Amino acid sequence: MEKSAIEIGSDGASMFSEEDTREINGLRVCGDHVEVTCGCTSRNFGDAGGTLRVFRNGDLQIKCECTPGCDEDKLTPAAFEKHSGRETAGKWKNNIWVISNCAKVPLAKTVLLKYYNQTPKHGNGRSRGHRDEFVPCTECGKMRRFRLRNKEECRVYHDALVNANWKCSDTSNERVACGDEEERATRRVYRGCSRSQTCRGCTSCVCFGCETCRFSDCSCQTCNDFTKNAKIRGL
């Protein structure tokens, strides 16, 4: 049986105790998070594998490995559950599993949801979630998706949004060219909301400003107003 790989001295090593993760197969420490092989089973399509990333801030991301050519990354657990073809989607805590003591065990029965469960989900009437957003290229006119799962991704989207001449070639991490196909409209309805993947906007995925998506070093009016109000509130 493959033991968990918690390494002393790694930044993510303090997230879980060795005793809590001893039976979880393939647990790896990767800087500020831990990774573990996961999966979701469909009666029609069988097991869809993936790699679950667990962050201290409660964020959960899954890189799908259902087929060698699948490039879906940074999926929410709900999105991965739906992508795998699970017939009873909507209960990802029970449907997504990891291997513990050589058996498939639902996430809900492991310590891996510790930080997710501790994160406030309804502060001031809404969560601090951020849905995927789109910005059109000024050259080709195609809508390009921006995932907003962390502060770095929010900054990339923010800079593109305030750039009146943003182009596909301005992307830095995932290169996109004007010649690449635009996402189908049926695909664009999936926006990464934790409540419903086809959500058109709710308190779980729409954010009107928080420390993750507003920047004190940005001179735009939106960020200036947020920073000024935050100082007044003593945040």
Side-chain angles (χ1 to χ4, degrees), residues 1-42 45-68 70-86 88-123 127-130 147-155 173 192 194-195 204 210-212:
M1 178 180 68
E2 182 182 358
K3 296 293 185 180
S4 60
I6 295 291
E7 302 171 359
I8 304 244
S10 297
D11 294 339
S14 61
M15 291 179 62
F16 304 103
S17 69
E18 184 177 354
E19 180 179 359
D20 288 336
T21 59
R22 182 175 294 125
E23 302 301 328
I24 299 179
N25 295 55
L27 190 69
R28 302 173 292 280
V29 174
C30 304
D32 62 344
H33 65 281
V34 299
E35 292 185 352
V36 62
T37 300
C38 68
C40 191
T41 304
S42 162
F45 305 106
D47 291 347
T51 298
L52 170 67
R53 305 184 189 104
V54 181
F55 294 83
R56 191 183 294 274
N57 66 0
D59 193 17
L60 302 173
Q61 300 176 1
I62 297 180
K63 174 178 174 57
C64 184
E65 299 164 2
C66 61
T67 61
C70 183
D71 59 357
E72 292 289 349
D73 195 1
K74 298 183 180 180
L75 294 173
T76 64
F80 175 68
E81 177 191 47
K82 187 175 184 67
H83 178 73
S84 70
R86 175 77 188 196
T88 56
K91 299 180 179 180
W92 61 264
K93 292 183 181 180
N94 293 314
N95 290 337
I96 297 177
W97 45 260
V98 296
I99 301 298
S100 180
N101 200 19
C102 298
K104 296 177 181 177
V105 177
L107 284 179
K109 295 185 178 181
T110 73
V111 72
L112 296 173
L113 296 184
K114 170 184 175 182
Y115 296 96
Y116 176 85
N117 292 333
Q118 289 177 352
T119 303
K121 298 299 188 298
H122 298 286
S127 73
R128 294 185 181 274
H130 297 85
R147 291 185 171 88
L148 282 66
R149 302 295 186 268
N150 53 51
K151 195 169 185 67
E152 291 73 23
E153 291 180 341
C154 285
R155 185 57 187 261
N173 295 332
S194 60
R195 179 180 297 177
S204 290
C210 69
E211 293 182 352
T212 301

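For the numbers below, each heavy atom of this structure counts, side chains included, while hydrogens, waters and symmetry mates do not. Not measured: the values here are computed from a predicted model.
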Pairing residues for T76 by the side chain to side chain donor-acceptor pair (under 3.5 Å) criterion, not counting sequence neighbours: none
Partner residues of E152 under the side-chain contact (heavy atoms from CB on, under 4.5 Å) criterion, sequence neighbours left out: N150
Distance, nearest 0.5 Å, that separates CG of L112 from CE of M15: 9.0 Å
Positive for side-chain hydrogen bond (donor to acceptor under 3.5 Å, both in side chains) with T51, one of E35, K63, E65: E65
Derivation of the side chain to side chain contact (heavy atoms under 4.5 Å, CB included) call for L107 and W97: CA-CA 5 Å; L107 284 179; W97 45 260; over 6 Å; no
Minimum side-chain heavy-atom gap T41-K104 below 4.5 Å: yes
Backbone N/O of R147 and side chain of R149: donor-acceptor pair under 3.5 Å: no
Derivation and outcome, side chain to side chain contact (heavy atoms under 4.5 Å, CB included), residues L60 and L52: CA-CA 7 Å; L60 302 173; L52 170 67; 4.3 Å; yes
Stepwise side chain to side chain contact (heavy atoms under 4.5 Å, CB included) check, V111 with T21: CA-CA 8 Å; V111 72; T21 59; 4.1 Å; yes
Shortest non-hydrogen separation from N95 to C40 and the atoms involved: O-SG, 3.7 Å
Trace of the ring-ring contact (aromatic ring centres under 6.0 Å, His included) decision for F16 with Y115: CA-CA 10 Å; F16 304 103; Y115 296 96; 5.6 Å; yes
Over all atoms of both residues, closest heavy-atom pair of C154 and L148: SG-CB, 3.8 Å
Test side chain to side chain contact (heavy atoms under 4.5 Å, CB included) applied to F45 and R86, step by step: CA-CA 8 Å; F45 305 106; R86 175 77 188 196; over 6 Å; no
Within-4.5 Å side-chain heavy-atom neighbours: V98 and T110: yes
Donor-acceptor under 3.5 Å (E81 side chain, W92 main chain): yes
Shortest non-hydrogen contact between A108 and N94, atoms and distance: CB-OD1, 3.6 Å
E23 vs K109, salt bridge (charged side-chain N to carboxylate O under 4.0 Å, His left out): CA-CA, chis, key distance, verdict: CA-CA 12 Å; E23 302 301 328; K109 295 185 178 181; over 6 Å; no
Full working for salt bridge (charged side-chain N to carboxylate O under 4.0 Å, His left out) between D73 and R53: CA-CA 11 Å; D73 195 1; R53 305 184 189 104; 3.1 Å; yes
Distance, nearest 0.5 Å, that separates SG of C66 from CG of D47: 11.5 Å
